2 protein chains.
Amino acid sequence: MKDGGKKRGPTSADKVLGVLSLFSAERPVWSPERAASRMDVSLATAYRYFNTLVASGMLERLNRNRYVLGPAIVELDRKVRAADPVLKLAQPVMERLLRRLREPAAILLCRYYRQKVMCIHQETNRSGEPVSSYERGAPMPMFRGATSKVILAHLPPRTVVDLWRDHRRDIVAAGMGPGFEDFKAALRALRHEPVNVSSSEVDAGRTGIATAIFDDSGRVNGSLSMVLLSPPANKRAVARLTMAVQAAAREIERGRGVAAMKAG
Amino acid sequence: MKDGGKKRGPTSADKVLGVLSLFSAERPVWSPERAASRMDVSLATAYRYFNTLVASGMLERLNRNRYVLGPAIVELDRKVRAADPVLKLAQPVMERLLRRLREPAAILLCRYYRQKVMCIHQETNRSGEPVSSYERGAPMPMFRGATSKVILAHLPPRTVVDLWRDHRRDIVAAGMGPGFEDFKAALRALRHEPVNVSSSEVDAGRTGIATAIFDDSGRVNGSLSMVLLSPPANKRAVARLTMAVQAAAREIERGRGVAAMKAG
DNA sequence: GGCGTAATTATCACTATGTGAGAAAATTCA
DNA sequence: TGAATTTTCTCACATAGTGATAATTACGCC
């Protein structure tokens with residue numbers, strides 16, 4: 001959490017962008033006044049910030065004193081999706097993988113982002129209630145669940161050190177402690193299994209089967225995981241699903257290579 | 001396109017946010033150098049802008065010289081979805097509406113935004129290829145298609161004037177010209193029909209059946225529309241679908257009223 | 001439909017901070 | 001390891017962001 005490098009005052013644009021992070025699911029509506037006191041700027045400045053963000057569409061004025069995140073974000077996310085080669089490749093693979101299953105399940109594509117794992121895409125075969133609450137943009141716990149663990153296992157050492165520094169508590173609570181050496185040993189162990197299977201670590205009764213996805217330089221790009229509503233019948237079933245997930249991940253990686261060649 | 005009010009120099013944050021609008025589906029990757037020349041700032045400043053945006057997660061550095069829109073956008077869009085009461089109410093209604101159909105179709109929820117209509121949500125019964133290319137965040141033509149027309153019909157006069165000023169060409173091309181009076185007459189006509197049915201105006205062979213959704217102050221909030229891959233068999237079928245769309249829109253509006261009461 | 005109150009914008013003096021040009025450092029690739 | 005490029009740093013300067021307050025506008029209420 002502490003700044004690694006030399007200190008530098010936050011620029012004006014930093015503060016304007018900082019306004020956006022005030023908005024959350026719990027508090028989706030903000031007034032300039034409340035934002036001003038929260039950010040330690042004058043009311044006039046808060047209005048200036050809000051106006052800047054409204055002008056760019058990042059905020060929307062509902063009515064007097066009530067602002068919410070704006071439609072430019074929706075527009076931008078579409079561009080993010082369009083520009084994401086892994087998503088484009090993964091989506092049909094995820095659909096196919098899901099279609100082979102008869103039990104209620106979800107397939108998740110996730111990525112590492114800011115000491116968290118974020119869901120990029122979800123495919124589910126339950127039309128009504130989703131099997132997993134992890135829809136696009138949702139953060140997943142970093143140290144629990146197959147989805148995160150397979151990513152964690154392959155993060156660069158530098159990142160692992162940072163995580164240990166900032167989240168020692170959570171790591172120990174997840175049974176990967178108590179020391180840094182223990183943590184590293186746990187990651188090493190995870191690294192040796194191509195697929196991780198975890199049960200009831202994120203949601204009670206759910207089983208996650210996940211494997212890492214690598215980019216062409218061998219760095220971990222994210223993970224592909226299958227979330228099962230109820231535990232598989234037997235070891236045989238687990239083995240079958242494990243193979244399917246692994247095969248799908250390889251297919252995505254292979255496609256990625258082809259896409260890179262095309263682009264290059 | 002011309003600024004309505006008094007001129008004011010763009011603030012620094014404006015320019016930083018302006019960087020984001022450089023990114024498009026056609027050009028999803030930008031370098032500080034290219035951005036600098038495009039925005040008429042020095043290279044050093046472009047680097048400062050990019051660093052600010054990367055720090056907030058709005059941009060992501062792929063590798064040397066290559067930046068793309070970042071994961072913070074994905075995170076923010078999830079918050080937008082979570083905070084959107086209309087979306088939350090509409091989604092189940094859209095699913096139900098779709099389930100009643102046997103023919104390939106899509107249900108669209110759209111909104112007015114910056115002289116365009118933007119798709120907020122799409123439900124489709126074709127798992128593979130989507131029936132409509134209008135996914136969340138996609139802009140729709142403002143003057144063609146049932147989806148846009150029913151919104152256009154109910155926009156406030158002030159907005160209608162702006163649209164005429166900025167898009168006279170498109171309006172005339174869409175057959176709502178040649179004068180402003182003709183345009184207003186066309187809108188009046190649209191306003192008198194509760195549901196609009198248009199064929200092949202956006203995509204050849206497709207039929208759109210749309211109706212406006214209003215908020216509790218009577219302002220148009222957006223539209224609900226059904227897009228059919230192939231034209232309906234007969235007038236009777238059209239009438240049936242028309243009723244269904246209208247009923248769904250009313251249901252969303254009713255729910256919205258309830259939600260407002262709950263929130264208030 | 002006008003009035004009163006609260007929200008929003010404009011004004012202004014002041015200083016902070018964003019800016020460009022170039023040098024220095026760091027990173028990448030052969 | 002070395003050359004070429006990218007990226008950061010330094011610094012002087014002037015712009016532009018800031019807070020306090022006043023003026024204006026918009027909304028709700030009777």
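Not measured: the values here are computed from a predicted model. Proteins come first, then strands; the chains are lettered A, B, ... in the order of their sequence lines, and each starts at number 1.
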Are the charged groups of [X] and [Y] less than 4.0 angstrom apart, N to O?
X: B/E75; Y: A/K116; answer: no
X: B/E253; Y: B/R250; answer: no
X: B/R81; Y: B/D77; answer: yes

Between [N] and [X], is there an OP1 or OP2 to side-chain N/O distance shorter than 4.0 Å?
X: A/Y47; N: C/dT8; answer: yes
X: B/T11; N: D/dG17; answer: yes
X: B/Y49; N: C/dG18; answer: no
X: A/N51; N: C/dT8; answer: no
X: A/R61; N: C/dT8; answer: yes

Please report the distance, rounded to the nearest Å, between [atom1] in [X] and [atom2] in [N].
X: A/R66; N: C/dA7; atom1: CZ; atom2: P; value: 13 Å
X: B/R158; N: D/dA26; atom1: CZ; atom2: P; value: 11 Å
X: B/F50; N: C/dT19; atom1: CZ; atom2: P; value: 14 Å
X: A/R34; N: C/dA7; atom1: CZ; atom2: P; value: 12 Å
X: A/M39; N: D/dG17; atom1: CE; atom2: P; value: 15 Å
X: B/W30; N: D/dT7; atom1: CH2; atom2: C1'; value: 20 Å
X: A/N65; N: D/dC27; atom1: CG; atom2: P; value: 12 Å

Note to self: Nearest to the A/K15 side chain among C/dA7, D/dG19, D/dT18, which nucleotide is it?
What the structure shows: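 Of all the options, the side chain of A/K15 is nearest to D/dT18.
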Next item on the list: Just report the end-to-end axis angle for the helix from C/dG1-D/dC30 to C/dA30-D/dT1, five pairs per end, to 10 degrees.
Entry: 80°
Notebook entry, point to check: Hey, what do you get for CG (B/L22) to CZ (B/R38), rounding to the nearest 0.5 Å?
Noted result: 5.5 Å
Notebook entry, point to check: In terms of the nearest nucleotide of DNA chain C, which residue is placed more toward the 5' end: A/S12 or A/R48?
Noted result: A/R48
Check: If you pin B/R64 and A/L43 to their nearest nucleotides in DNA chain C, which one's is more 5'?
Finding: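 The residue whose closest nucleotide sits nearer the 5' end is A/L43.
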Notebook entry, point to check: How are the rings of B/F23 and B/F50 set relative to one another: parallel (under 30°), tilted (30 to 60°) or perpendicular (over 60°)?
Noted result: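 Correct class here is tilted.
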Margin query: If you assign each of B/N63 and A/A46 to its closest nucleotide in DNA chain D, which residue comes earlier from the 5' end?
Written below: B/N63
Check: Can you find a side-chain donor-acceptor pair between A/S24 and A/R27 that sits under 3.5 Å?
Finding: no
Check: Under a 4.5 Å cut-off applied to non-hydrogen side-chain atoms, are B/I213 and B/L109 in contact?
Finding: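 They are in side-chain contact.
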